[in-house]
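Read through the structure below, which is laid out as C-alpha cells, and then see the notes.
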Amino acid sequence: MATEQLREYLRRRLLNGEFNCEKELTLSLLSGKWKIVILWHLGHEGPHRFGELFRLFKTISTRILTKQLRELEQDDIIARIDYEEKLPRVEYSMTERGMTLLPVVDAMFDWGKQNMAYYAEKAREGSGKKARPARK
C-alpha cells in the first residue's frame with residue numbers, strides 16, 4: 001500500500017508517535033460501529049458488492065457504509081475491485097493484511113456470543129423490561 005493512501009488521522013498519529021501501544025493502533029484501525037461486522041462478512045463469506053453489504057445492516061446509511069469501507073480500504077484491510085464493465089460493478093474483499101485481523105474479529109464474535117445472555121439479563125434487571133432475544 002502506498003503511504004499517501006493511509007488515512008490522515010493514522011498517518012499523523014504514527015508520525016508523531018501518538019500511539020501509546022500496538023493495541024491502540026489495532027483499535028484505531030477497527031474503530032467504527034460497522035467495521036468489525038463488515039470484516040466478519042467479507043472474511044467468512046467472501047467478496048460482497050456495496051448493495052449486498054448495505055442490505056446486511058438494517059440501520060446503516062449509505063454515507064456511513066461508504067465512509068467505513070473507504071477507511072478500511074485506505075488502511076489496506078479491504079480491497080475495492082472495480083470491474084470496468086458496461087454495467088458498473090464494484091466488489092469489496094479482504095486483503096492479505098485484512099485476513100490477519102480475522103482471528104481478532106472471530107474472538108470478538110465468540111466473546112459476544114458467550115456473554116450476550118449475561119448482558120441481556122443485566123439490561124432486564126436495570127429496566128424491568130424483557131430483552132429481545134439476540135439475532136443470529
Side-chain angles (χ1 to χ4, degrees):
M1 179 183 85
T3 304
E4 58 271 11
Q5 291 181 341
L6 191 62
R7 277 190 292 150
E8 185 58 36
Y9 169 77
L10 284 178
R11 180 182 315 153
R12 179 182 48 77
R13 292 197 67 198
L14 285 163
L15 293 176
N16 293 334
E18 295 176 10
F19 285 111
N20 295 311
C21 68
E22 294 80 2
K23 295 178 291 296
E24 196 174 341
L25 170 64
T26 306
L27 288 172
S28 292
L29 290 169
L30 294 175
S31 67
K33 182 176 179 179
W34 302 100
K35 285 183 182 177
I36 292 170
V37 185
I38 290 168
L39 294 177
W40 190 91
H41 284 285
L42 294 178
H44 287 281
E45 299 169 355
H48 279 59
R49 294 174 72 172
F50 183 89
E52 293 170 333
L53 289 169
F54 183 72
R55 285 188 292 278
L56 288 172
F57 314 116
K58 293 183 179 182
T59 60
I60 196 169
S61 68
T62 57
R63 181 177 86 59
I64 294 298
L65 179 57
T66 299
K67 182 179 185 290
Q68 301 272 280
L69 290 170
R70 281 189 185 144
E71 289 179 3
L72 288 167
E73 181 185 7
Q74 288 173 338
D75 296 341
D76 196 30
I77 305 299
I78 66 169
R80 180 182 188 271
I81 304 151
D82 189 353
Y83 297 95
E84 296 181 15
E85 300 171 340
K86 189 163 183 129
L87 293 173
R89 178 171 62 110
V90 174
E91 282 186 346
Y92 296 91
S93 61
M94 298 286 279
T95 62
E96 278 187 50
R97 184 169 315 282
M99 288 302 287
T100 65
L101 275 172
L102 204 50
V104 175
V105 171
D106 288 342
M108 293 175 79
F109 170 78
D110 291 340
W111 189 92
K113 192 173 180 181
Q114 292 167 4
N115 290 282
M116 181 71 80
Y118 170 80
Y119 285 100
E121 180 60 31
K122 297 293 276 181
R124 281 192 296 277
E125 289 171 6
S127 69
K129 294 182 181 178
K130 187 174 182 179
R132 293 186 310 200
R135 287 179 36 188
K136 296 197 182 199

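Throughout, residue positions are numbered sequentially from 1 according to the sequence presented. These numbers were taken from a predicted model, which means no experiment stands behind them.
Clustering of Ile, Leu, Val, Met, Phe, Trp and Tyr side chains at separations under 4.5 Å places W111 together with Y118, Y119.
When atom types are taken as modelled, the side chain of Q68 and the backbone of W34 share a donor-acceptor pair closer than 3.5 angstrom. At least one donor-acceptor pair under 3.5 Å links the side chain of H48 to the backbone N or O of G46.
Taking a cutoff of 4.0 Å between a charged side-chain nitrogen and a carboxylate oxygen, K67 and E71 qualify as a salt bridge. Salt bridge status for R70 with E73: absent, with no side-chain N to carboxylate O gap under 4.0 Å.
Taking each heavy atom of P47 and E91 in turn, the nearest pair found is CB-OE1, 3.7 Å. Residues I81 and S93 approach most closely at CD1-OG, 3.5 Å, considering heavy atoms. Listed here is the closest heavy atom pair of R49 and P88: NH2-O, 3.9 Å. L10 approaches L29 most closely through the heavy-atom pair CD1-CD2, 3.3 Å.
Looking at heavy atoms from C-beta onward, F57 lies in side-chain contact with H41 at the 4.5 angstrom threshold. Put simply, the side chain of L101 does not reach to within 4.5 Å of the side chain of I36, judged on heavy atoms. V90 has its side chain out of reach of F50: every pair of non-hydrogen atoms, C-beta onward, lies at least 4.5 Å apart. The closest side-chain heavy-atom distance from R80 to L69 is not below 4.5 Å.
A continuous path of hydrophobic side-chain contacts links I64 to L42 [ILVMFWY only; heavy atoms under 4.5 Å].
Rounding to the nearest 0.5 angstrom, the gap separating the CG atom in L25 from the CZ atom in F19 is 5.0 Å. With rounding to the nearest 0.5 Å, the separation of NZ in K23 from OG1 in T26 is 9.0 Å.
Checked against ring pair (Phe, Tyr, Trp, His ring centres under 6.0 Å), F109 has the following partners two or more places apart in sequence or in another chain: W40.
A salt bridge (charged side-chain N to carboxylate O under 4.0 Å, His left out) check over residues 94-111, counting only residues at least two apart or in different chains, returns the pairs D76-R97.
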Determine whether I77 and L30 satisfy the following criterion, side chain to side chain contact (heavy atoms under 4.5 Å, CB included), listing intermediate values before the conclusion.
CA-CA 10 Å; I77 305 299; L30 294 175; 5.9 Å; no
Using the rule given for side chain to side chain contact (heavy atoms under 4.5 Å, CB included), can you reason through V104 versus L39, listing the C-alpha separation, both sets of side-chain angles and the distance that settles it, and then say yes or no?
CA-CA 10 Å; V104 175; L39 294 177; over 6 Å; no
If you apply the rule side chain to side chain contact (heavy atoms under 4.5 Å, CB included), what do you find for L6 with L14, and how did you get there?
CA-CA 10 Å; L6 191 62; L14 285 163; 3.9 Å; yes
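Of the candidates R13, R11, R7, Y9 forms a side-chain hydrogen bond (donor to acceptor under 3.5 Å, both in side chains) with just one, namely R13.
At most 12 heavy atoms of other shown residues, nucleotides or ligands fall within 6.0 angstrom of atom CD in E22.
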